[in-house]
Protein chains: 2
Amino acid sequence: MLSVPEAQQKLLPEISPLLQSRYRILQTVQLMQPIGRRTLADSLKMTEREIRKETDILREQGLLDSLKSGMVCTDDGEVVIEKLRALVYEWSGLTQLAKLLENHFGLQRVIVVPGDYNEDDTVLTLLGKEAAHQFISTSFDGQIVAVTGGKSVASITQFLHPADTHNITFVAARGGIGHEMQMQANTLVSTFSMQMDAQYRTLFLPEHLSEQAYQAMLTEPMVTEMMDYYDRADCVIHGIGSAEEMAVRRNSSPEDLRILEEKGAVSEAFGYYFNAEGEIVHRIRTIGIQFEQVQRSKQVIAVAAGKQKVKAMLSYFKVAPEQTIFITDEAAAKAIAEGLPSYK
Amino acid sequence: MLSVPEAQQKLLPEISPLLQSRYRILQTVQLMQPIGRRTLADSLKMTEREIRKETDILREQGLLDSLKSGMVCTDDGEVVIEKLRALVYEWSGLTQLAKLLENHFGLQRVIVVPGDYNEDDTVLTLLGKEAAHQFISTSFDGQIVAVTGGKSVASITQFLHPADTHNITFVAARGGIGHEMQMQANTLVSTFSMQMDAQYRTLFLPEHLSEQAYQAMLTEPMVTEMMDYYDRADCVIHGIGSAEEMAVRRNSSPEDLRILEEKGAVSEAFGYYFNAEGEIVHRIRTIGIQFEQVQRSKQVIAVAAGKQKVKAMLSYFKVAPEQTIFITDEAAAKAIAEGLPSYK
DNA sequence: TAGTTGTGGGTTGTATTTTGTCCCACTGTA
DNA sequence: TACAGTGGGACAAAATACAACCCACAACTA
């Protein structure tokens, strides 16, 4: 039997795309306010005219307000966004996509946000919003959270806020990742804890240690303390990288690159490299959380988006712990789904 | 707080009129199938082009089918009509209008169907559909139903069908109304009973009896039997007429017309004339159901539509029994509501 | 059986709306 | 003060919707 929204969609098929795009615009305004027509159009890869038409309607409906400094979302607008989120996700098939991936990968929860990470800057923001929401809604007193680096994980920052919980400790899951300070685990744990009024522990270490130096480090109090934290980690927040991309970004030696290629490394997560079958084929020789420790933690939040990471996702999720909550974008989710036999 | 449909309406204000008109088209197709573009356009007072555009979409959605003999509503279409009825009535304010009239007149139930009786032929059909639904859903074994004449009541015919109930008897509430056989109470009870496989009793009598003849008639077995039926009537189905209109249609004598005008008769129902205050000012001297008998009956279904009858409705509903279910059209309901202080 | 009415589909020139692309005056910030 | 970004205005061009037909056909009527 047909539900009312389904019947509505049958009678008015043209409203579905309309709803999608208008919702997306309003949502983006909310995220980037105050924002102007042109910036908005660039960001959503739409024409200025289209943006203008839609925002005029939204303004007339009182969901949007135009200040001299740009357009902002009104209170009514925020309520509407909240109320229609489920409907929009349902109609655009995101809910179904998510369920499909959940079943296929055997994960606790998959969240698919609309848009394409490569096309639309706001997708990153949506990823962060959802991830932050997942994290905060399950956080508890004294929680220990291991955090890796990366753009996706960094996007969470702006949506963290002081919660009712106390004594949360963020620990950097590994040493520095290289040049980009903004994306380093060490930087992130510090900003995360600032946003949430929490504690944090950093670990500054060079990426490529010699065997000798590595062994020496293992007995350092600073290091053993971190190892202890890793062992007690309640939650792990991490990204998933494509192997080549990561190796390049890490300035790996030609030798390492050769090894990775030889062993068929496809994906990377918290310092481990996995091949297409999900087997660990390499590990960066530095201090960091162990895969076993990740598997033991109560909660794992994985954030990754973009079509270019599909292969990596397919690889890593062969072995990902089932308590993982995975947050990705529509483009990647669709690309994964299209490779599945159960997807029409 | 906003409901989801309300939020949807805020975000997509243009769908409301779209939904209205498309629903109306689909509904009309269902009622008049098979029907062509031009007839449909005439009937709905829309342009052929518009009908064409909308029906093309409906056909594409599989809610409509085009045969050589015209367009018909598919099963899917009927399901959609059913599912969206409440939503359409809500959005077009019909539910609110109905509640308003219910409270103001103190009636058990008011049903307002969309459209204008004077503009749109299908409104009559909708009235009939709703009235038939109300009647059938409450009918019971051995029920005695008194029926008056008129176009509105006649519209019920096509929607009556054999029900689970047995031994229903339709009785003509009064003698003949004059020329138009199709609308006479006597004709209607016969067609009603044919549709429902029920019994019926007719009463053929001239309209204007002399006092002498009237008194003589009262003792006739044929008449006393009818009087007995009237006394035991469980349900009364009647229309409401404007006084002038009815008097003219009944070929009343100039003297009667003068009396009616003098006494300020505004409305007419089952042979009684009421003034603006709802007082009985005149009665046709013929055998028929008594007002007291109507008031005693368990259920009363009143059907009347069109702006020209608003005055009559306002008059009659001053004294209408509270167990009345009143079915009218949007145009009349709005006209009534606009006269009320509580209507913005 | 001949005629009439109503049917869906097709066509075409014209109105109307939508769209792309500017310009402008203004403002907050660096 | 320079500048990047803002909303609002304007206008020609492109796209679309529109009205007004015609046609072959089916179903019914006389």
Side-chain angles (χ1 to χ4, degrees), chain A residues 11-22 24-74 76-77 119-122 125, chain B residues 12-22 24-74 76-77 120-122 125 158 182:
Chain A
L11 193 63
L12 306 165
E14 56 268 68
I15 70 168
S16 185
L18 230 184
L19 177 67
Q20 309 288 334
S21 83
R22 201 169 292 173
R24 191 147 150 263
I25 291 172
L26 186 58
Q27 191 179 43
T28 309
V29 169
Q30 186 198 21
L31 291 175
M32 304 178 68
Q33 62 189 321
I35 188 179
R37 279 202 311 263
R38 285 167 279 270
T39 324
L40 193 54
D42 282 350
S43 166
L44 291 175
K45 298 278 189 297
M46 298 170 82
T47 67
E48 185 192 332
R49 209 64 184 76
E50 197 171 352
I51 293 288
R52 188 171 206 167
K53 191 182 65 182
E54 299 294 336
T55 52
D56 280 351
I57 296 170
L58 291 172
R59 190 175 309 113
E60 207 167 320
Q61 288 297 308
L63 306 178
L64 212 64
D65 218 354
S66 280
L67 310 179
K68 283 291 177 187
S69 54
M71 295 178 285
V72 294
C73 187
T74 64
D76 276 7
E119 297 280 320
D120 182 351
D121 306 333
T122 61
T125 322
Chain B
L12 306 165
E14 56 269 66
I15 69 167
S16 186
L18 230 184
L19 176 67
Q20 309 288 334
S21 83
R22 200 168 292 173
R24 193 150 148 260
I25 291 171
L26 186 59
Q27 192 179 42
T28 309
V29 170
Q30 187 198 19
L31 292 175
M32 303 179 68
Q33 61 188 316
I35 187 179
R37 281 202 309 266
R38 285 168 279 271
T39 325
L40 192 55
D42 282 350
S43 166
L44 292 175
K45 297 277 189 298
M46 298 169 82
T47 66
E48 185 191 330
R49 203 60 187 71
E50 197 172 350
I51 292 289
R52 187 171 208 164
K53 192 182 62 181
E54 298 295 335
T55 52
D56 281 350
I57 296 171
L58 291 172
R59 189 174 309 113
E60 207 166 322
Q61 289 295 308
L63 307 178
L64 212 62
D65 217 355
S66 281
L67 311 180
K68 282 291 177 187
S69 55
M71 295 177 286
V72 294
C73 188
T74 65
D76 277 6
D120 182 351
D121 306 334
T122 61
T125 323
Q158 59 179 304
Q182 292 298 333

For every nucleotide of nucleotides 13-30 of chain D, 5' to 3': is a protein heavy atom under 4.0 Å from its base (B), only from its sugar-phosphate (S), or from neither (-)? -----BBBBB---S----
Test side-chain hydrogen bond (donor to acceptor under 3.5 Å, both in side chains) applied to A:Asp56 - qualifying residues, sequence neighbours left out: A:Arg59
Can you tell me which residue pairs pass the salt bridge (Lys or Arg N to Asp or Glu O under 4.0 Å) test with a partner in residues 29-40 of chain A, sequence neighbours excluded? A:Arg37-A:Glu48, A:Arg38-A:Glu48
Could you work out, with side-chain hydrogen bond (donor to acceptor under 3.5 Å, both in side chains) as the rule, every residue matching B:Asp42, not counting sequence neighbours? none
Side-chain contact test, heavy atoms from C-beta onward, threshold under 4.5 Å: evaluate it for B:Leu58 versus A:Leu11 and give yes or no. yes
Those residues that, when tested against B:Glu14, pass side-chain hydrogen bond (donor to acceptor under 3.5 Å, both in side chains) (two or more places apart): A:Arg22
Range on DNA chain C touched by chain A - first to last nucleotide, heavy-atom distance under 4.0 Å: C:dT19 to C:dT27
List in chain and number order the residues that pass side chain to side chain contact (heavy atoms under 4.5 Å, CB included) with B:Glu50, two or more places apart in sequence or in another chain; answer none if no residue qualifies. B:Met46, B:Thr47
Estimated bend of the helix from C:dT1-D:dA30 to C:dA30-D:dT1 (axis per five terminal pairs, rounded to 10 degrees): 30°
Do B:Thr122 and B:Arg24 have side chains that get closer than 4.5 Å, going by heavy atoms? no
Tell me every residue that passes side-chain hydrogen bond (donor to acceptor under 3.5 Å, both in side chains) with A:Thr74, counting only those two or more places apart in sequence or in another chain. none
Going from CD on A:Glu54 to CG on A:Leu18, what distance comes out if it is rounded to the nearest 0.5 angstrom? 6.0 Å
A:Pro17: which residues meet the side chain to side chain contact (heavy atoms under 4.5 Å, CB included) condition with it, sequence neighbours left out? none
